[in-house]
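Below is one structure, written out as structure tokens; comments come after it.
Because the structure is a prediction, the values reported are computed rather than measured. Here is the naming used below: chain letters follow the sequence lines, and residue numbers restart at 1 for every chain.
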Protein chains: 2
Amino acid sequence: MSTIDRQAGMKKTMDFVKKTYKDQVIDYIYQLLLSNGLQPGDQVKESWLAQQMGISRAPIREAMKELMMNGLLDYRPQVGNFIPVLLPKQIVDCYTTRGILEGYAVMSVCDSFQAEELQRLDHYVDAMGSAAREQHHKRVVEIGGDFHDFMTNKNENVQLLEYTNRLSLKLHILFCRYWGRLYTPAEIEQRHRAIVAAIRSLDKDQIEKVVRQHYLETGTKIAALQEVSSDSAA
Amino acid sequence: MSTIDRQAGMKKTMDFVKKTYKDQVIDYIYQLLLSNGLQPGDQVKESWLAQQMGISRAPIREAMKELMMNGLLDYRPQVGNFIPVLLPKQIVDCYTTRGILEGYAVMSVCDSFQAEELQRLDHYVDAMGSAAREQHHKRVVEIGGDFHDFMTNKNENVQLLEYTNRLSLKLHILFCRYWGRLYTPAEIEQRHRAIVAAIRSLDKDQIEKVVRQHYLETGTKIAALQEVSSDSAA
DNA sequence: ACCCTGTCTAATGTCGACAATCGACCGACA
DNA sequence: TGTCGGTCGATTGTCGACATTAGACAGGGT
């Protein structure tokens, strides 16, 4: 039993450290996925996780349910949970759907962007370009996430944001391994600048079109990258 | 212990009767919601359900997790699960989001509709009008569901359909009590005919616009209906 | 009268054990 | 040799009990 480390120290900075085991399990699986400790097709066994973390299977199951509903685990009744293996078409579909949701999210609030907010978006794009040129892929993704959040979170449609964020997380977790192999620094800047430009134009059709197109292309690229890596594996 | 009725008869038509308790719990909660046995704001206690169904809390929790992830239960840690109480704006938001998803789902496959498929859609609309005029509200909803499925399921974007169907189910379960109070029979026919007409026109922008508008208006109406009913309750 | 505090209760969170079931393995038979 | 059927192991499904915690309630201090 290794419940020692919990509740021990760790009360300095945050008042709300992870409380329930369920949340810890979720973070642990995220970590495993992001570090390629778990790969597509792998079975994630409850008892294995329970042993790894020194807890019982109950909170593990709670966490797996949540991951499953967010598309981060494939569930086969009476068999187990597996890291999903997405066909190229399914990858493109996921990004397409993301484009639909985020395109609308941004479009429907484009009128409310203040000049300083648009500048802030510009700043994010600059920073992404710099980070990309310095090969700081992780930083690119972080800033990209901020850019994305800042744009979409102006919208107050909770249902829309729920789906948007779920899908965003899913794609982030499942395809992190292709970061940095998608676009050149110049392309990263140009693509995001096109989105900001569309917002500035206040042309709603154009905004949706640009965002959809962006994700369609990104999805297509990732699908292609996965295909070659699975070919080489076979 | 009332596990008698399980596995008893009921093997004629379906080979796959409900197997796990979890699925039975989900159906049971659906029933309770649809029959107003559970109302918005009510707490759904695990032990109560466990006693009601004669099973332990484990499968109940499995089911509640799923319902929660589908937006059919509000979860408050360490407190419990509640039937969601949606503010008018949130209702509109849900329908808006549904319009976005379904509008795209239909638009992106509009070219593939064959003449006979379009006729089938016409037939659904006719049938809905007839049922509505005969006050068969339940039948209207059933046919409406068929119409909806037939249109959207032509799309093969699994991610898109997943969200579409989740949201469709959520709205179906939560707002069933307003069926029949939304539109006149003539309006029902006219509104759905407009959608089919848009598909026939192959004008993609128009298709998305019509579907979005349809759900926006429906959501607005339901939000208004809920507001008056909650006013009268207060 | 108001608020702060300690207790108490009822609900969720977690546990270890047992049951049911899927899939792999292996041997018998055509 | 290939296929069918039974056995077996590993994994999920379910159970009842215990631990923990949010919220209600009462009592005392101001």
Side-chain angles (χ1 to χ4, degrees), chain A residues 1-8 10-11 14-29 32 38 41-69 72-85, chain B residues 1-8 11 14-29 38 41-69 72-85:
Chain A
M1 181 78 66
S2 70
T3 51
I4 327 138
D5 38 15
R6 260 173 63 77
Q7 332 243 46
M10 190 92 11
K11 255 191 181 172
M14 315 183 69
D15 224 0
F16 280 87
V17 285
K18 293 290 161 14
K19 273 199 192 155
T20 65
Y21 285 151
K22 181 194 78 171
D23 292 324
Q24 294 183 8
V25 174
I26 290 177
D27 284 348
Y28 186 63
I29 295 183
L32 287 176
L38 284 172
D42 285 355
Q43 183 170 9
V44 185
K45 295 168 204 169
E46 296 172 0
S47 32
W48 176 78
L49 268 178
Q51 190 175 0
Q52 286 281 315
M53 305 191 62
I55 58 178
S56 83
R57 281 171 50 218
I60 308 268
R61 299 188 112 244
E62 302 286 314
M64 308 246 287
K65 250 348 180 237
E66 189 162 329
L67 291 166
M68 177 192 117
M69 296 312 294
L72 288 155
L73 282 179
D74 254 359
Y75 168 67
R76 293 166 53 191
Q78 302 282 6
V79 179
N81 295 277
F82 299 81
I83 308 297
V85 181
Chain B
M1 182 79 66
S2 70
T3 53
I4 327 137
D5 38 16
R6 260 173 62 76
Q7 331 244 44
K11 253 192 181 172
M14 314 183 71
D15 225 0
F16 279 87
V17 284
K18 292 289 160 19
K19 274 198 192 157
T20 65
Y21 284 151
K22 180 194 80 170
D23 292 323
Q24 294 184 2
V25 174
I26 290 177
D27 283 348
Y28 186 63
I29 295 182
L38 284 172
D42 285 355
Q43 183 169 8
V44 186
K45 294 168 201 168
E46 297 171 0
S47 31
W48 176 78
L49 266 179
Q51 190 176 0
Q52 286 281 317
M53 304 190 63
I55 59 179
S56 83
R57 281 170 52 217
I60 307 267
R61 300 187 112 246
E62 303 286 314
M64 308 240 299
K65 260 320 186 259
E66 189 162 330
L67 291 166
M68 177 192 116
M69 297 311 294
L72 288 155
L73 283 179
D74 255 359
Y75 168 68
R76 294 166 55 192
Q78 301 282 5
V79 177
N81 295 276
F82 299 80
I83 308 298
V85 180

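Taking 4.5 Å as the limit, some side-chain heavy atom of B:V79 sits within range of a side-chain heavy atom of B:F82. By the 4.5 Å heavy-atom criterion applied to side chains, B:I29 and B:L49 are counted as neighbours. Between A:M53 and A:Y21, the closest side-chain pair of non-hydrogen atoms is not below 4.5 Å. Contact check for A:M68 versus B:K65: no side-chain heavy atoms found under the 4.5 Å cut-off.
Whole-Å rounding puts the A:E46 CD to C:dT14 C1' distance at 14 Å. As a whole-Å value, the separation of A:K45 NZ from C:dC22 C1' is 14 Å. In this structure, OH of A:Y21 is placed 10 Å from C1' of C:dG13, rounded to the nearest angstrom. Rounded to whole angstrom, the span from the NZ atom of B:K65 across to the C1' atom of D:dG13 amounts to 17 Å. Counting to the nearest Å, the P atom of D:dT12 and the CZ atom of A:F82 are 8 Å from each other. The interatomic distance linking A:R57 (CZ) with D:dA10 (P) rounds to 15 Å, in whole Å. B:M53 places its CE atom 10 Å from the P atom of D:dC15, with the value rounded to the nearest Å. In this structure, A:Q51 atom CD and C:dC15 atom P are separated by 14 Å, rounded to whole Å.
Closest to the A:V79 side chain, of the nucleotides C:dT12, C:dC22, D:dT11, is C:dC22. Here the nucleotide nearest the side chain of A:P59, chosen from D:dC15, C:dT14, C:dT12, is C:dT14. Distances from the side chain of A:R61 to the nucleotides D:dG13, C:dT14, D:dT11 place D:dG13 closest.
Residue contacts shown for A:Q43 are limited to sugar-phosphate atoms, with no base heavy atom under 4.0 Å away.
Phosphate contact (OP1/OP2 of C:dG13, side-chain N/O of B:Y75, threshold under 4.0 Å): present.
Taking only distance into account, the side chain of B:R76 never meets the base of D:dG23 through a donor-acceptor pair shorter than 3.5 Å.
Nearer the 5' end of DNA chain C, as judged by each residue's closest nucleotide, is the contact made by A:S56, out of A:S56 and A:Q78.
With values rounded to the nearest 0.5 angstrom, B:I26 atom CD1 is found 11.0 Å from B:I60 atom CD1.
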